[in-house]
Amino acid sequence: MAYDFKLIEKKWQAKWNEEKAFQVTEDKNKQKYYVLIEFPYPSGQGLHVGHPRPYVAMDIVSRKKRMEGFNVLFPMGWDAFGLPTENYAIKNKLHPKPVTKDNIVKFKRQLQAFGLSLDWSREVDTTDPEYYKWTQWIFLQLFKNNLAYKKEMAVNWCTSCKCVLANEEVVDNGCERCGSEVVRREKSQWMLKITAYAQKLLDGMENLDFIDRVKTQTANWLGRSVGAEVDFAIKDSENKLRVFTTRPDTLFGATYMVIAPEHPIINNLKDKIENYSEIEAYRNAALKKSDFERSELSNIADKEKTGVEISGIKAVNPVNNQEIPVFVSDYVLISYGTGAIMAVPGHDERDYAFAKTFGLPIIEVVKGGDITEAAFTDTETGILVNSGFLDGLEVDEAKKKITEFLEDKKIGEEKINYKLRDWVFSRQRYWGEPIPIIICDDCGFVALDESELPLLLPDVESYEPTDTGESPLSKITDWVKCKCPKCGKDAERETDTMPQWAGSSWYFLRYCDPDNKDFLASKEKLDYWMPVDWYNGGMEHTTLHLLYSRFWALFLHDIGVMSCPEPYLKRTSHGMILAEDGGKMSKSRPESIVNPDDVIAEYGADTFRLYEMFIGDFEKSTPWATSGMKGCRRFAERVYGLIDIAKGGGVTPELEVKFHRTIKKVTHDIDNLKMNTAIAGLMTLVNDIYDNNSLTIDELKIFLTLLCPFAPHISEELWFLAGGKGLLSLGNWVDYDENKTKENAVEIAVQINGRVRDKIIIEAGLSSQDAINTAKNSEKVKELLNGKTIVKEIAVQDKLVNIVVR
RNA sequence: GCCGGUGUGGCGGAAUUGGCAGACGCCCGGGACUUAAAAUCCCGUGAGGUUCAUCCCUCGUACCGGUUCGAUUCCGGUCACCGGCACCA
């Protein structure tokens, strides 16, 4: 019988659907297992073959867990707000709503062709008012807890999208989405105080099973550093200049200070400053140039330092009362620490470069380097010198002692800083969740009453972005005008919308209870399903979505919405599938794109799934090769032919060990995302079966169980043909017997001086001495040992014997 | 510059705690079947040497060095590529 994949795949997909095979409820008798994949943005282009890779992998995990008896939640939805759809709609004079709807239909059809064991009854759509009602609700809770605030600030402005971008969305000074130039603009923006959760976001990861590169990248992004803040007095003034430093131990080496051009003390001391116009000119120049100048230089550390000394002003080093000059320079950032630093040129590279340029004194306070050549920044080996009461101490001790000193004298204290900035949450665009805030002249920002949620996105005539940077919503005056919920006076609605990251920051919670009308999800259901047991997604989301959604989850835990704080127990990441030529598969190179619809039409979903997994190490990027599909297709054909070989029950003695080994291998490989080697193991077993030309029905069923997560349609069909009961997908996983994974006899290598000289077959588990004796009896070995002195004999059980001779 | 990762045949990639490098598959070559082709099946396939052939030998996991009976694996150094960060005091 020929392998008619089209018929088979259609038949079993319909069957799973009919029997609602993958729909789950909160079954208290079963252990739950929540598998999550990042829900797609339904773009107009549809999927390419790179997209399904993580879906198929996590489907395999889900299917295996289900067969192992877990109550598996494996849902899917649509992250459907966003710019590409909006831009497409503008260009084609359509409304984004129907465009989104069409795209979802298209994506869903493509996804369903893969035979994923998703619970489609839990589908969510971030643009559905019943969904974004709760996105808005969460925002209001953040607002009420002082974690959302509006602030006039310099923001990243994409000149093409005409929209504010979060820091995380700026890549190489260009827009992450369109690549256009990004400039700084002063605008009033909604911000979320993610920095309040910096420490929790860092600590929370510690006991989670996240792959290391996610952990390190997140930790770098959070950028925690421990140091001290220290006050420097300004001579003949009430003003103080507070600095942050990670090296308080080098305080005696501070020979000047530097403040950021935007530092407010410049205004406070205006009367004393003798060269105010010069300072002002430098500040204006710095503001203008800062952004694109940064991108011009590949190595910022080597960038020539510029600056101006503030004449008429001296600061006083609190530990030795030395008067030191104060400079303005753009190498100090207003947005980090206090916007001012004490400069220790002997032990900081940037200060060193600045001091060299301006001819400032360089004092050695940590011994160990040569400060006539370069700054000595090592903190491991240095010993303090020229530092009064710190002399002779190691750096760590000195840090402790000076910090105590500062705290005693009340001129400073220990301080922890983070590089993480607050999250710019406003977008001046149409296709996003309206921010449910009312602006009242008297009451300020007032939360919309929760009973009025969802605040619907109104229909607009034109939702093109405006050059002034105002949201298109601002043009709908009858929507904007409203009454203040607090005082009842005339007021206006906030017209900014939320970024795309909003809806995706909590979607995994909605899957737990998608039809709940009263709350985002019931506590009971959240407590049953959460946390997510295994979340796979792209590395590019590490400092964006992953961080944002953990922040929201930690917050929702804090306000009692759910019991678990950290939403994800395990995080893995997939490598990209590249074009055949090794370049990126992207819409900018249409010829590089392979459409899964075409592949499935020619080879079938099972072959497609097998190849997606067999193509290489799941965590690494790898080029697509349509020719490689053939190997998986041949494998599927050979699998289909097994039904003609299988006869009778019981076991085939020659295959028993091989079966137990394959069960073991596939079981462990799936848990470790080693899908490529699991499939290789299945291929090897099929080759062995054909070589042996015998197979029992019982064995066929074991094989089909192992294959089912990878190629579910063909497995179901053969299970049915072999007389199996019920759906294989809902059947039981198979166990192996460790003892039966071992052969009675093993071939071991015999080495002489580390080189393989012979191979012998011995009884498995033979002792070292017996193995060595057997090896020495081999004719070949005897010959090679002739006339030599044996120095050493090493045996590794069931692997090799090594005889060292002279 | 800093942090992380990777480097293995013509190609994608395998290789528990250091223990037979190249599993599995693609491509390619040879053969069988066929009127022929496709499909399928069988054999070969890291490089070099030697041999009629089997055998056998040498080299080989980016490069240089070290530890070890034994290194793709551990250590030190170098180079290349990929990803992240970017004057964060």
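None of the values given here were measured: they were computed from a predicted structure.
The partner of B:C56 is B:G49, judged by Watson-Crick or G-U wobble contacts that both fall below 3.5 Å. Across every strand in view, B:A15 sits unpaired, with no contact that passes the Watson-Crick or G-U test at under 3.5 angstrom. In this structure, B:C33 forms no base pair with any nucleotide, since neither Watson-Crick nor G-U wobble geometry is met with both distances under 3.5 Å. With a cut-off of 3.5 Å on both Watson-Crick or G-U wobble distances, the partner of B:A80 is given as B:U6. Remark: B:U67 base-pairs with no nucleotide in the shown strands. Criterion, Watson-Crick or G-U wobble with two distances under 3.5 Å.
Nucleotide B:G9 carries a syn base; the chi torsion (O4'-C1'-N9-C4 or O4'-C1'-N1-C2) is within 90° of 0.
A:Glu738 CD: more than 12 foreign heavy atoms inside a 6.0 Å radius.
Between A:Asp581 and A:Arg589, at least one side-chain nitrogen of the basic residue sits less than 4.0 Å from a carboxylate oxygen of the acidic one, meeting the salt-bridge criterion.
As judged by a 4.0 angstrom heavy-atom cut-off over every strand, A:Asn676 is placed among residues touching the sugar-phosphate backbone only. In this structure, A:Ser621 reaches the sugar-phosphate backbone alone: every heavy-atom distance under 4.0 Å involves primed, P, OP1 or OP2 atoms, never a base. Nucleic acid contact for A:Ile615: sugar-phosphate only, since backbone atoms but no base atoms lie under 4.0 Å from a heavy atom of the residue. Residue-level contact check: A:Ser225 touches the backbone only, with heavy atoms under 4.0 Å from sugar-phosphate atoms and none from bases. Looking at heavy-atom distances under 4.0 Å, A:Val332 makes contact with a base. Residue-level contact check: A:Asp617 touches the backbone only, with heavy atoms under 4.0 Å from sugar-phosphate atoms and none from bases. Across all strands, A:Arg757 comes closer than 4.0 Å only to sugar-phosphate atoms, never to a base (heavy-atom distances). Residue A:Glu793 is out of contact with every strand shown, counting any heavy-atom pair closer than 4.0 Å.
In this structure, A:Tyr331 atom OH and B:C87 atom P are separated by 13 Å, rounded to whole Å. Remark: C1' of B:A23 and CG of A:Asp669 are 12 Å apart, rounded to the nearest angstrom. Between A:Lys305 atom NZ and B:G1 atom P there is a gap of 15 Å when expressed in whole angstrom units. Note: CD (A:Gln751) to C1' (B:G18) measures 12 Å, nearest angstrom. Atoms CZ (A:Arg213) and C1' (B:C85) sit 16 Å apart, rounded to a whole Å. Atom CD1 of A:Ile760 and atom C1' of B:C20 are 13 Å apart (whole Å). Straight-line distance from the NZ atom of A:Lys215 to the P atom of B:C3: 20 Å, rounded to whole Å. With rounding to whole Å, A:Arg638 atom CZ is found 9 Å from B:C41 atom C1'.
As rounded to the nearest Å, B:C85 and B:G12 have C1' atoms that lie 32 Å from one another. Rounded to whole Å, the C1' atom of B:A36 lies 23 Å from the corresponding atom of B:C43. B:C24 sits 24 Å from B:G18 when the C1' atoms are compared, rounded to a whole Å. If you take atom C1' in B:U73 and the same atom in B:G19, they sit 11 Å apart, rounded to whole Å. Rounded to a whole angstrom, the distance from the P atom of B:A53 to that of B:G48 is 16 Å. Distance check on atom C1': B:A38 versus B:C20 gives 40 Å, rounded to whole Å. Rounded to whole Å, the separation between the P atoms of B:A37 and B:A32 comes to 11 Å. Atom P of B:G49 sits at a distance of 16 Å from the matching atom of B:G10, rounded to the whole Å.
Looking at A:Thr306 and A:Tyr282, their side chains do bring a donor and an acceptor atom within 3.5 Å of each other. A donor-acceptor contact closer than 3.5 angstrom is absent between the side chains of A:Thr684 and A:Asn687.
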Original post:
Is there a ring-ring contact (aromatic ring centres under 6.0 Å, His included) between A:Tyr256 and A:Phe354 once you walk through the steps?
Top reply: CA-CA 10 Å; A:Tyr256 64 100; A:Phe354 190 86; 5.4 Å; yes
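With distances taken from any side-chain atom of A:Asn687 to the nucleotides B:G25, B:C20, B:G19, the minimum falls on B:G25. When distances run from any side-chain atom of A:Pro623 to the nucleotides B:G12, B:G19, B:C20, the shortest one goes to B:G12. Which of B:U58, B:G13, B:A89 sits closest to the side chain of A:Ile341 comes down to B:A89. Of the candidates B:G70, B:C20, B:G12, the closest approach to any side-chain atom of A:Asn802 belongs to B:G70. Counting only heavy atoms from C-beta on, A:Thr677 has its side chain closest to B:A14 among B:A14, B:C24, B:G19.
Projected onto RNA chain B by closest heavy-atom contact, A:Ser627 and A:Arg755 fall at different nucleotides, the more 5' of which corresponds to A:Ser627.
Remark: A:Lys415 is not positioned above the aromatic ring of A:Phe244, lacking an NZ or CZ atom under 6.0 angstrom from the ring centre and at most 45 degrees off the axis.
Taking OG1 of A:Thr667 as the start and CG of A:Leu706 as the end, the distance is 6.5 Å to the nearest 0.5 Å.
Between the base of B:C26 and the side chain of A:Lys630 there is no donor-acceptor pair shorter than 3.5 Å.
In this structure, the side chains of A:Met257 and A:Phe327 stay at 4.5 Å or more apart for every pair of heavy atoms.
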